[in-house]
Amino acid sequence: MTHRIPIPRAHDRTRPLLLDLYSCAGGAGTGYHQAGFDVVGVDIAPRPNYPFTFVQADALTFLADLIATGEIERFSFVHSSPPCQDKCALTVGTNQAMGWGGTHVDLVAPTRVLLEASGLPYVIEQPNGKAEIRKDLTLCGEMFGLGVLRHRNFELGRWSVDRPAHPKHRGRVRGWRHGEFFDGPYVAAYGNGGGKPTVAELQAAMGITWTAVREELTEAIPPAYAHWIDAAFLTQARTEVAA
């Protein structure tokens with residue numbers, strides 16, 4: 001199937017295009033948009049809350065088709081967040097103990113193959129765990145004054161950036177642990193029990209206002225992360241042009 005890329009809403013042709021693969025509800029896409037990109041999101045599930053141009057499709061099939069047709073040349077950058085339940089630190093131990101996780105698919109490797117074939121600079125994002133990516137960059141909510149820690153690792157393709165210092169956490173993540181309640185400045189942006197935050201608290205903690213779906217919030221990357229990545233990428237690009 002050949003996909004025709006829709007023109008992003010309000011696209012003025014002065015903003016570069018970014019492809020947001022496995023987009024979920026647009027946490028990363030929003031950060032990139034705030035930093036200067038027009039964004040096209042792709043996800044296999046319907047995402048009516050996605051705030052930018054959205055295509056419901058299998059991300060790998062869609063990307064392969066863009067490369068084959070030459071449509072990939074319309075883009076300047078690719079962000080990807082392949083499904084992570086198979087290797088995520090929050091689930092891998094539980095899955096093994098309970099016999100779960102057999103249906104989870106690790107799409108990192110096939111995604112990387114196509115991203116390399118695209119010829120574009122790219123990012124592969126994964127949470128802490130056993131995902132087989134280079135941890136070229138690690139970001140934490142405390143770096144941006146957020147109410148979540150939400151450590152995320154990023155493999156950078158065709159560009160690089162100095163790793164920022166990881167600030168000391170100000171306290172614990174609020175919630176129950178082994179029958180004891182701990183308070184702290186951060187909320188747990190995963191799950192739905194054990195003193196987990198309300199939807200409103202999650203929205204405020206992550207800087208996300210356009211969706212009130214808990215599943216989308218718990219899967220999202222805070223926009224501040226993508227905004228930082230984009231600023232770093234554009235700074236490097238300007239430096240290379242000036243040189």
Side-chain angles (χ1 to χ4, degrees), residues 9-10 18 20-39 41 43 45-54 79-81 83-85 88-91 123 125-129 137-154 163-233:
R9 292 191 290 269
L18 180 138
D20 182 14
L21 297 176
Y22 313 99
S23 65
C24 193
T30 295
Y32 288 117
H33 187 266
Q34 291 170 346
F37 277 103
D38 270 344
V39 180
D43 201 289
R47 298 293 182 183
N49 294 319
Y50 192 81
F52 312 110
T53 299
F54 177 77
H79 174 95
S80 65
S81 295
C84 62
Q85 292 93 335
C88 174
L90 290 172
T91 59
V123 162
E125 174 270 335
Q126 290 285 278
N128 278 339
L137 174 66
T138 299
L139 297 178
C140 164
E142 181 59 27
M143 295 175 177
F144 308 100
L146 299 178
V148 291
L149 291 178
R150 207 155 188 77
H151 297 101
R152 287 295 182 269
N153 301 307
F154 301 86
R163 295 171 62 95
H166 191 157
K168 182 179 179 180
H169 298 164
R170 290 172 286 129
R172 299 188 64 125
V173 175
R174 190 188 78 199
W176 289 90
R177 303 289 187 279
H178 307 293
E180 184 178 359
F181 182 80
F182 297 91
D183 202 358
Y186 312 106
V187 297
Y190 58 88
N192 194 26
K196 297 298 190 299
T198 65
V199 165
E201 287 177 319
L202 273 175
Q203 290 174 315
M206 297 182 68
I208 293 177
T209 59
W210 61 91
T211 179
V213 178
R214 178 177 285 274
E215 176 258 344
E216 292 181 341
L217 289 165
T218 57
E219 290 186 3
I221 301 169
Y225 291 18
H227 193 291
W228 188 94
I229 289 171
D230 187 32
F233 171 72

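Bear in mind that the values here come from a model prediction, so they are computed numbers and not experimental data.
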Does the side chain of [X] reach to within under 4.5 Å of the side chain of [Y], using non-hydrogen atoms?
X      : Y      : answer
Pro164 : Trp228 : yes
Arg174 : Phe181 : yes
His33  : Asp38  : yes

Can you name the closest pair of heavy atoms from [X] and [Y] and give their distance?
X      : Y      : value
Ala205 : Val148 : CB-CG1, 3.8 Å
Phe54  : Ala45  : CZ-O, 3.4 Å
Pro222 : Leu146 : CB-CD1, 3.6 Å
Leu202 : Ala188 : CD2-O, 4.1 Å
Arg172 : Asp183 : CB-O, 3.9 Å
Ser81  : Ile221 : OG-CD1, 3.4 Å

Roughly how far apart are [X] [atom1] and [Y] [atom2], rounded to 0.5 Å?
X      : Y      : atom1 : atom2 : value
Ser23  : His79  : OG    : NE2   : 9.5 Å
Thr218 : Met206 : OG1   : CE    : 8.0 Å
Tyr22  : Glu219 : OH    : CD    : 13.5 Å
Trp210 : Phe52  : CH2   : CZ    : 7.0 Å
Thr198 : Leu217 : OG1   : CG    : 10.0 Å
Glu125 : Ile229 : CD    : CD1   : 8.5 Å

Original post:
Between Phe154 and Tyr225, how do the two ring planes meet: parallel, tilted or perpendicular, split at 30° and 60°?
Top reply: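 Rings of Phe154 and Tyr225: perpendicular, over 60°.
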**OP:** Quick one: sort the His166 and His151 rings into parallel, tilted or perpendicular, breaks at 30° and 60°.
**Re:**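 Judged by the thresholds at 30° and 60°, the geometry between His166 and His151 is tilted.
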Original post:
For Tyr50 and Asp43, does a side-chain donor sit closer than 3.5 Å to a side-chain acceptor?
Top reply: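 Not at all, the side chains of Tyr50 and Asp43 share no donor-acceptor pair under 3.5 Å.
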Original post:
Any side-chain donor paired with an acceptor under 3.5 Å for Tyr186 and Glu142?
Top reply: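 Their side chains do contain a donor-acceptor pair, which is all the 3.5 Å distance test asks for.
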Original post:
Between Arg150 (side chain) and Ala189 (backbone), is there a donor-acceptor pair under 3.5 Å?
Top reply: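 Yes, Arg150 side chain to Ala189 backbone: donor-acceptor pair under 3.5 Å.
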Original post:
If only atom types and distance count, is the side chain of Ser80 paired as donor or acceptor with the main-chain N or O of Val123 below 3.5 Å?
Top reply: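 Yes; at least one donor-acceptor contact below 3.5 Å.
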**OP:** Begin with the C-alpha distance, continue with both residues' side-chain angles, and end with the deciding distance and a verdict on side-chain contact (heavy atoms from CB on, under 4.5 Å) for Gln203 and Thr209.
**Re:** CA-CA 6 Å; Gln203 290 174 315; Thr209 59; 5.6 Å; no
Original post:
Between Phe37 and Asp230, does a side-chain contact (heavy atoms from CB on, under 4.5 Å) hold up when you go through it step by step?
Top reply: CA-CA 9 Å; Phe37 277 103; Asp230 187 32; 2.7 Å; yes
